[in-house]
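The block underneath contains the structure these notes are about, expressed in structure tokens.
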Amino acid sequence: MDSIQQDRLSSLPDVLLIVIISFLPFKECVRTSALSRKWRYLCQETKNLSFRESDFVSPYITDEYSRFAACASFFRFVDNWLSRIQDQVVESFEICFSNPVGFEHKIEALIEYAVSKRVKNLVIDLSNPAWRNYNDISSVCVSYLHFIVTLPKSVYSLTTLESLKIYGCKFDPSRLTNPVLLRRLSIGWMRLENLQSLLSKATSLLSLSIKECWGVDMTWMAGQFRELVLENLDFSYMQCSFELPRIHSLKYSGQVFDFYFDTMNVIIPKVYLDFGEEREYDQPTQSTRISGEVISRMLNDLRAASTLAVCPYILQTIQECKKPFYMLQPLETRDLVLRTKMSTKELNGIIILLKNCPNLETISFDILPSSPFQRTSSYEGIDPKTYWMQNRTCESLRKTLKVVVIRNFGGSSNELNVLRYLIRLASGGGNALERIELYVPNGMEESQAMVVFAKAEMLQRTSKHVQVLCAQLLEN
């Protein structure tokens, strides 16, 4: 910050400066105390407190004694900070700590402090970055060692909560007595039971996120929330029905799970489905055909989605649905996102989706890394070298498709072949396709990137009516 800008900012009233720094991340808010004497104590007036172990304890400390000492220093800092703001209003409180063993009483005391301040937003994140998925911690032994923090009873009766995030500690949703103001709820890294009891009371809930939980005993979910995220859950049952008349966005990733929607009363504009990347078999089986029927029925229930994102598993399995009653029906999707490896097993699935999206305006290919053991041989008579050269008519695409996007574009023959196919469709009359956007992944070697950009230029020279853009993919 240059001196002129700093002086202009410092000339503002303290009340306004406190509002401004309250929007900063807590770590950056504390750093403003070094700007000048005027700023020295302003950060202590912020209403948003966030104490994250990662901001104070280096992840490179491997010695157990040194790490314990660093964590003890972290809690001393927290205690000193809170002692200076005893009368301060606190609206948001966050504590993130990855290994609570030996510090459980400190953590529970901090949670009690947040409750005493009647905070609106509470984050308790005791998950460990080293955990890959719930299997790392769902065993009895590991759970006993880590889940030693007991959520104070006072949390369950806190009526001011508007946003609650709880990761990696014991939590009983049914004990929340009066969550009438709760709008956002995020639960993760724990055994999760009795969730519907909470949902029936949280009438203002708009967003629900559940990640890496096990023992999830849902068979029915109902609510008025707008956003639902379910990520890698271990369900006690293999199917669940949903009554979500106001849902706007659904994101599911994890094992194949049988959803049933009240299709008479629900239209979900944004749907993201990820059942994984690869099947473990090379030829169709009875179980894969059943999976194809389940997925086709699921997509038919979600056919009103204007934005639909699918995974390689769906592309591989949907083609194996043979019963007419379950086969994919026309979807209302306008923006289709295909997360794909462009493997031979996925090609028929791609065509099936393209033919059943008569209103499609944008196709996005998110190219995933190929398996090091992936074979390039034909699959069920499909030759990837000639597949897109055959007469595969998608008449509706001629009139509706405007934009094609490929992320992580590597200039492979499979990528170029599908692009040429879509360009040929556009050149056949009723041309709607306006542009193709190609995004080269960051970190690609310069020589390889030059080859990829050259292939994009060659594609542009052969495409008279379509603009081809090629650029580096920006980091998220």
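All heavy atoms count here, side chains included; hydrogens, waters and symmetry mates do not.
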Item to check | Worked check of side chain to side chain contact (heavy atoms under 4.5 Å, CB included) between I166 and I187 | outcome: CA-CA 5 Å; I166 300 184; I187 306 171; 5.5 Å; no
Mind listing the closest non-hydrogen atom pair of [X] and [Y] along with its distance?
| X | Y | result |
| --- | --- | --- |
| S396 | C357 | OG-O, 4.1 Å |
| L360 | D335 | CD1-N, 4.2 Å |
| S306 | T333 | O-CG2, 3.6 Å |
| V119 | L158 | O-CD2, 4.1 Å |
| P245 | G223 | CD-O, 3.5 Å |
| Q255 | L233 | NE2-O, 3.3 Å |

Measure from the side-chain N and O atoms of [X] to the backbone N and O of [Y], and report whether any donor-acceptor pair falls under 3.5 Å.
| X | Y | result |
| --- | --- | --- |
| D136 | W131 | no |
| N194 | P173 | no |
| K201 | S174 | yes |
| Q460 | V466 | yes |
| N408 | I367 | yes |
| Q448 | M444 | no |
| R435 | Q467 | no |
| K341 | P312 | no |

Are side-chain heavy atoms of [X] and [Y] found at a separation under 4.5 Å?
| X | Y | result |
| --- | --- | --- |
| L299 | I314 | yes |
| L401 | L422 | yes |
| I295 | L273 | no |
| L185 | S207 | no |
| T203 | L182 | no |
| H248 | I268 | no |
| F453 | L438 | no |
| Y156 | F171 | yes |

Item to check | side chain to side chain contact (heavy atoms under 4.5 Å, CB included) between V452 and K455, worked out | outcome: CA-CA 5 Å; V452 172; K455 290 181 178 180; 5.8 Å; no
Tell me yes or no: between the side chains of [X] and [Y], is some donor less than 3.5 Å from an acceptor?
| X | Y | answer |
| --- | --- | --- |
| Y387 | N348 | yes |
| S249 | E227 | no |
| E212 | N232 | yes |
| T400 | E361 | no |
| E437 | Y439 | yes |
| N121 | S92 | yes |

Next on the checklist: Could you go through T219 and C240, starting from their C-alpha distance and side-chain angles, then the distance that decides it, and tell me whether this counts as side chain to side chain contact (heavy atoms under 4.5 Å, CB included)?
Outcome noted: CA-CA 4 Å; T219 57; C240 182; 5.6 Å; no
Item to check | Contacts of S412 that satisfy side chain to side chain contact (heavy atoms under 4.5 Å, CB included) - sequence neighbours left out | outcome: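 Listed in chain order: N414, E415.
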Next on the checklist: For R226, I'd like to know if atom CZ has over 12 heavy atoms of other residues, nucleotides or ligands within 6.0 Å.
Outcome noted: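 Yes.
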Checklist entry - For atom CD of E445, is the number of surrounding heavy atoms from other residues, nucleotides or ligands below 6.0 Å larger than 12? => result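 Not buried by this count: 12 neighbours or fewer within 6.0 Å.
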Next on the checklist: Could you walk me through whether S413 and L416 satisfy the side chain to side chain contact (heavy atoms under 4.5 Å, CB included) test, starting with their C-alpha distance in whole Å, then the side-chain angles of each, then the deciding distance to 0.1 Å, before giving a yes or no?
Outcome noted: CA-CA 5 Å; S413 58; L416 292 171; 5.8 Å; no
State the [atom1]-[atom2] distance between [X] and [Y], to the nearest 0.5 angstrom.
| X | Y | atom1 | atom2 | result |
| --- | --- | --- | --- | --- |
| L459 | R420 | CG | CZ | 6.5 Å |
| L192 | M218 | CG | CE | 8.0 Å |
| N128 | R132 | CG | CZ | 12.0 Å |
| M298 | Y260 | CE | OH | 9.0 Å |
| L336 | L331 | CG | CG | 8.5 Å |
| K399 | N359 | NZ | CG | 12.0 Å |

Checklist entry - Can you name the one residue among F242, Y272, F275 that meets ring-ring contact (aromatic ring centres under 6.0 Å, His included) with Y252? => result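 One option only clears the test, and that one is F275.
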Checklist entry - So among I350, I406, L354, V405, which one has a side chain to side chain contact (heavy atoms under 4.5 Å, CB included) with I363? => result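 Going through the options one by one, the only one that passes is L354.
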Checklist entry - Charged N to carboxylate O under 4.0 angstrom, D366 versus R407? => result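 Between R407 and D366 there is a salt bridge, with a charged N closer than 4.0 Å to a carboxylate O.
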Checklist entry - Hey, are E193 and R191 close enough for a salt bridge, meaning a charged N less than 4.0 Å from a carboxylate O? => result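 Answer for the salt bridge query: yes.
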Checklist entry - Which pairs with one or both residues in residues 157-169 pass side-chain hydrogen bond (donor to acceptor under 3.5 Å, both in side chains), sequence neighbours excluded? => result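 Pairs touching residues 157-169 that pass the test: R118-T159, Y167-S186.
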Item to check | Axial cation check for F259 ring with R297, 6.0 Å and 45° limits | outcome: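 The answer is no; the distance or angle limit is not met.
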